[in-house]
Structure formats: C-alpha cells, structure tokens
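None of the values given here were measured: they were computed from a predicted structure.
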Amino acid sequence: MRRKWFFLETRAATPLRSRPGPAETPAGTLAWYRLSRSDIDRLVRSLNSAYEVVGARCRNGRYTLDRITDPAELALEFPPRVHSPKKFLFPNWEKLFRFRLGGKIMLEAEKAAMPRVIFGMHPCDLHAVRILDDCLFEGEADSAYRAKRQATVLIGVDCEPDDYCFCTSLGTDRIDSGFDLFLHRVDDGYLARVGTLRGQQLLRRHLPELQPVDDPHLAPASKACRRSIRFPVESLAPVLGEVYDHPVWKKIGDRCIGCGSCNLLCPTCYCFNVQDRLDLNLKGGERVRTWDSCQFDQFTRVSGGSDFRPDQTDRQRHRFFRKYKYLWEKHQRTACVGCGRCSRECLAGIDNTDVLNSLFTEQATAELTPAPGVEYQPQMAELVHVEELTEREKLFRLRLPKAVDFRPGAFLQVSVFGVGEAPLTIASAPDPENREIELVVRAKGNLTRALHRLSVGAAIGVRGPFGNGFPVDEFVGRDVLLVAGGIGLVTLRSLLLTILARRQDFGRVMLLYGSRSVDAFLFRDDLKRWHLGEELDCRFAVQEFNARWGVTGGDITHLFRDLDIVPARAVAAVSGPAVMYRNVNPLLFGLGFSPDSVYLNLERHMKCGLGKCGRCQINDITVCQCGPIFPYSRIRHLREAIER
C-alpha cells in the first residue's frame, strides 16, 4: 500500500489563519532569501532589540534551548535530542492570575505575553505546534496559549535524524507551512523560505539589504531513520481499535516506572494541573498551571480515592491510544511527530515503534496468512429451539457465536460432522444485533435426516452467511407481490418479516402461496395470523383439495385470476420449484411486470458457498456468489435454470 504523507496532503494545507494564530502569506507571494552565517548573526542581534530570541546552544557538552543574547552561541545544526520548544508556548509552570484575599477577592490578570522568536525549530517540532493548535484552539480556545502563540515567531531549520527518530514514517521530516521562516542548509550558507507575511516583514525590517532570489526548487532532502513504523500511518487507529485488551499493555506496563518522562519531554503532550499557591503573608497568592502526566499514579484519582486508570498497564494503553488513535479520529493526524524523545529518555526502554509494529504484524499475519482451508471451517452454533412444521419439515433456531447481518434470501452452510454440509436458506429476518437465526430443514437426505435427529443443546457447524438476497431498499414505496410454492416460502418468509417490520415503507403487500395440501403448509400459525390481519393480502391454493381452510383447489396459477395489482408500481418475488417458474413467469409478464421487477430464487443450485466447486455454475454466473436471488433480466438467458 502506498504511504500517504498525510501531514502534507491533508492538515498541512489548512491555513493557520483559520485558527487564532498569525496569518499565512497569501498564495503567490512566497519568497526565498539567501543568508550567510554572518547575516544570521546580524538578524539575531537585531531581533534582540524587539524580541526574546530562543535557540539551541551548547553548554558543558549538552545542547539546551535557552535565550540567545550572543549570536555566536546560536546553533543551527544540532542533534534531535534537544528538549522541545513546547515550554515557550505552553510553559511547564505558568501563572494564570494573581488574587488578593481579605474581604472581597480581587483578581489580577497575568501580564501580556512576551514577543519571542524561537530560532531553529526542527520540522517535527513545527508539526508538534500544529497539533497543539488543533487541541488548544478547539472549542473554547486556551487564551494563555493563544497569547503566546500569536506573540511568537517560528523559524525552522532542517535537521538529520538520529537513532531514535522515526519522523519519516509519519511525514514529519519535512514541512511546507506552519512557520514564519524556514532555513535550508546549502553549501555557502542557508536558503530562507518565507512562510508568512510576518516572516517576510521580519526579514525586510531587520535585514533590509537582502533581496529575494529565484525559487531554487530544492529537492526534498532524503532522510534515513533507523527506526520506523512499518505500515501506513492511517492504519494506526484501526489497529489500536482491535487491541484494547491485548497483553502487550501489561507487558510494557510492568516495565514502566511511572516517571512521566515520555509525557514531559513530548512536544505535543499538554495535560496539566491547576493549583493555588498562597503568599507567605497569606494575604494573596496566585493560580498556576503546571505540566502533568497521564503516567503519574495520582493523575486519574477522583473523589473518594478511587482511580479509573489504576495501574501502569492502563496508563500505557491510554498513552498509545491518545497519541495514535483518539486524536487521529478527531483531527486526522496522530499526536506523535516521531521525534523519539520518549524512547530516547525512557528509563524502562519502551520503544513506541516496537510496540506498534508488533501489534500491526500480529494482525496482518492473522489476516494475510490464515490457516489453510480456514474459509471452509465452520463455527459452532447452539441449537436452542426445534419446532415441527409438517411431517417432513422442522424449524431450527440457532444461536451463533456472534450476530451476523444479511439480506433476506441469504443462506448458511450447515454441517453435521461425519455426514457433511449443505446450504440452507435463512428463514428469519435480518437483525444485526441478534445472534439467533431460524432455518427450515426438510428431511430428505442423510444430512437433513441427521439434523432432524438433533435435540436442543446440540452443536451445529455453520459457515456464512453467503449470497446476495433481495434488494429490500429498492422495494420501498412500491407494492410487493410474493409468490411462493412449497418450501419456497422459507426464503420469502425472511423477506416478508423484513417488510412487516417496516410496513409503512411499502405499498400493498400480497402473498400467493401454493402447496400440495394444507398439511404441507409451512408456518401455518403465521399464515393464519397474516390472513386475518390487515397488513397484507394472503391467498392460498392446494392441489389436493379437501375444503379445509376454505383454500382454492388447484395449483398456484389459479391465484392469478382477478389479481388486482398495478405492475407498473409493483415488484414480484418468486420462490419455488423450477416447474412453478415455467408457469408463473409468463403470467407475471402477461400482467405487465417488467423483467427488472421480477426476482427469482435459484437457491437449489448451490453447494460450497464460495463459487469454487463449480456445482452452481450456470453459463456465466455462479449462483452462490451472484445470487441466489436474481432479477429475471439478469438470468433470462439461463434457460437451463428457469425454463427446464
């Protein structure tokens, strides 16, 4: 699968001006400038007159982000292990306001944010600012963050990944917007790319002698990361959605010591706590916001002492889900930028890429390399009810391992081990929340006789459901004529129950049912109830007439006499033996039904259910895959199926 660079193709294209931040440069005004190191030093020196300039500098062999007063101290090529610039936009300790006590409480607001330039932000950290924008500007915008965000100029610089980075897997190794200026290293200095109108004005004000250069059309720098997520980033949320109870969370939870370094060093984590701190004279104080961590054992403690995330297993799972699932589902980008700070500093050696790759590989292996023959292996269903319908037919109610959805007309492959399996049409209506379905079994062969010998509590193998059923939604608003012969009523019962559950969506509903005798009628209680009710018009015919039920003598074609239906606004569903189709189809077309509005059931032609065995191959179709329910127009050329 092609990896989609989602940061560049989706969210990266969202103008920052849609949020309460600085405005983007209007399209078509992007400019490039060539800067030497001396130009940058002069720029830093000039910026210090109006801004607090922050950048990376090396002290005692360690790079830190700090205020830069001497331009010579500013490092533009530094390793990714430097701490995140987040602390200058969302400080680890921040006074929200002061208050004075004594009688009436007097509030004193915090001062306005200091104008600041963060000089030398790596692409991953610029992406991290976008994530903070998503979260902290969402809904009621965080005004403290907004004030600093609007007062801060972001100047980016390219970088080289180290052993812990995996930014190339997330598309955060490069960026095309979300900065004021961005510096690209070239042989004789730097090329500065302008990202906003503010960045353009900053160069003109502080380095007025610089002139724009032609767009150099820089090729994206090729970066290599030793660590990577070995699957498309879009798959992260679905993968995690399947592994909430996976043992990996306990495995890494047992290793985690709950120090919170992963959160506190992360450039996108923003969980915090708010506390009041009183002055020593107890006459006033201040309300402060401080960083917090979902890995701390007090983080989810609630009133009464209970904790809804009580151990590190739960906390580590929450960290991964928040990074790679929850925020992806809200904003279509992960809350991770692949900077590697969490694993680089983790005292327990927990590596996000190892965890994610193992989860994906486990799922992909199960999906892509199933056990040989697994598609033929049935699941076990429990027989929960048996009811005798006639001397030859019984109704079986099965409880499946899980609920299934299907169209009326679909079938299951039913197994009795040691005897075999056969396709049986589902007689009940679809209900995706109900695990129970009904089948009707006619004792005719070895398998069906074996099923008849089973009693409640027995285990039965099932595969499916398979096949295409009736397109019920296409019947909405139309009259429906159901024509069933003998055991063909089983298939139409599923359709009829579906229609009755949505009765207001359909016009007139008519059922024509013919059988050998009244004793051979299926679902006699249902037939009586439908006949006496007002929801549908039921008409019956039997070949062995004996005046019971007041049923018409003769075959089902007698029921077409004086049939008051308007074919132009109706649809017909036909299910029965082949001989019935030869007699009924001409009557339907003689009434004015079109071939597209007559649906036939060819279920008797199936065996494996997968379109492989060839038994249901008729000309150019396999019944089990293309059917067993077809519009006549689709199979009118299959004369051996419906005319013989």
Side-chain angles (χ1 to χ4, degrees), residues 14-24 44 47-56 64-69 74 82-98 107-157 175 177-182 195-199 201-202 206 263-275 277 286-293 327 331 335 337 339 341:
T14 303
L16 192 58
R17 59 179 172 272
S18 67
R19 310 183 188 105
E24 286 282 323
V44 172
L47 287 172
N48 265 309
S49 64
Y51 298 90
E52 177 187 81
V53 179
V54 171
T64 60
L65 283 179
D66 205 347
R67 182 168 184 177
I68 302 294
T69 55
L74 176 65
V82 68
H83 285 188
S84 164
K86 174 183 71 174
K87 64 181 180 179
F88 297 102
L89 296 169
F90 193 82
N92 57 321
W93 184 95
E94 181 176 21
K95 182 171 64 176
L96 298 176
F97 58 82
R98 282 195 55 80
L107 302 179
E108 298 175 5
E110 173 63 322
K111 296 178 181 178
M114 174 184 295
R116 178 180 287 129
V117 175
I118 304 180
F119 211 119
M121 294 180 66
H122 287 169
C124 60
D125 286 331
L126 289 168
H127 280 289
V129 173
R130 287 177 166 173
I131 294 167
L132 291 176
D133 287 351
D134 282 340
C135 299
L136 296 175
F137 288 152
E138 182 181 31
E140 180 71 26
D142 187 296
S143 59
Y145 172 79
R146 178 174 56 192
K148 293 178 179 60
R149 178 75 173 86
Q150 291 178 330
T152 302
V153 176
L154 306 181
I155 300 179
V157 65
I175 194 165
S177 63
F179 51 80
D180 295 291
L181 295 171
F182 193 90
T196 66
L197 183 60
R198 181 167 65 179
Q201 294 171 341
L202 183 143
H206 296 278
N263 297 132
L264 302 179
L265 294 172
C266 176
T268 68
C269 280
Y270 59 90
C271 291
F272 60 84
N273 193 12
V274 176
Q275 298 173 317
R277 297 186 177 182
E286 55 193 16
R287 181 158 295 173
V288 298
R289 172 164 67 185
T290 59
W291 287 354
D292 210 339
S293 168
L327 292 180
H331 303 296
V337 294
C339 66
R341 289 183 175 96

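When the shell of 6.0 Å around CD of E140 is examined, it contains 12 or fewer heavy atoms from other residues, nucleotides or ligands.
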Would Y51 and T152 count as a side chain to side chain contact (heavy atoms under 4.5 Å, CB included) if you check the C-alpha gap in whole Å, the side-chain angles of each, and the deciding distance to 0.1 Å? CA-CA 9 Å; Y51 298 90; T152 302; over 6 Å; no
Derivation and outcome, side-chain hydrogen bond (donor to acceptor under 3.5 Å, both in side chains), residues N273 and T290: CA-CA 5 Å; N273 193 12; T290 59; 5.2 Å; no
Would you check, one step at a time, whether the test side chain to side chain contact (heavy atoms under 4.5 Å, CB included) holds for L327 with D134? CA-CA 9 Å; L327 292 180; D134 282 340; over 6 Å; no
Determine, stepwise, if the pair T196 / V153 fulfils side chain to side chain contact (heavy atoms under 4.5 Å, CB included). CA-CA 10 Å; T196 66; V153 176; over 6 Å; no
Going through the distances and angles, do H127 and C339 end up as a side chain to side chain contact (heavy atoms under 4.5 Å, CB included)? CA-CA 10 Å; H127 280 289; C339 66; over 6 Å; no
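Heavy-atom minimum distance, P267 versus D125: CB-OD1, 3.7 Å.
Ion pair R149/D142 not flagged as a salt bridge, since none of the NZ, NE, NH1 or NH2 atoms sits closer than 4.0 Å to an Asp/Glu carboxylate oxygen. A salt bridge links R98 and E286; the closest N-O separation between the charged side-chain nitrogens and carboxylate oxygens is under 4.0 Å.
Between atom CZ of residue F88 and atom CE of residue M121 there is a gap of 10.5 Å, rounded to the nearest 0.5 Å. A distance of 9.5 Å separates CZ in F272 from CD in E94, rounded to the nearest 0.5 Å. Atom CG of L74 sits about 5.5 Å away from atom CD1 of I68, to the nearest 0.5 Å. Atom SG of C266 and atom CG of L264 lie 9.5 Å apart (nearest 0.5 Å). A distance of 4.5 Å separates NE2 of H331 from SG of C135, quoted to the nearest 0.5 Å. Put simply, CG on L89 and CD1 on I118 are 4.5 Å apart, with the number rounded to the nearest 0.5 Å.
Here the side chains of N48 and V44 are in contact, with some heavy-atom distance below 4.5 Å. The closest side-chain heavy-atom distance from F182 to P123 is below 4.5 Å.
Between the side chain of R116 and the backbone N or O of K148, no donor-acceptor pair lies under 3.5 Å. For the pair S293 (side chain) and N263 (backbone), a donor-acceptor distance under 3.5 Å is absent. The closest donor-acceptor contact from the side chain of D180 to the backbone of L154 lies under 3.5 Å. With hydrogens and angles ignored, the 3.5 Å screen pairs no side-chain donor or acceptor of T64 with any backbone N or O of D66.
By the 30° and 60° cut-offs, the orientation of the rings of Y270 relative to F90 is perpendicular.
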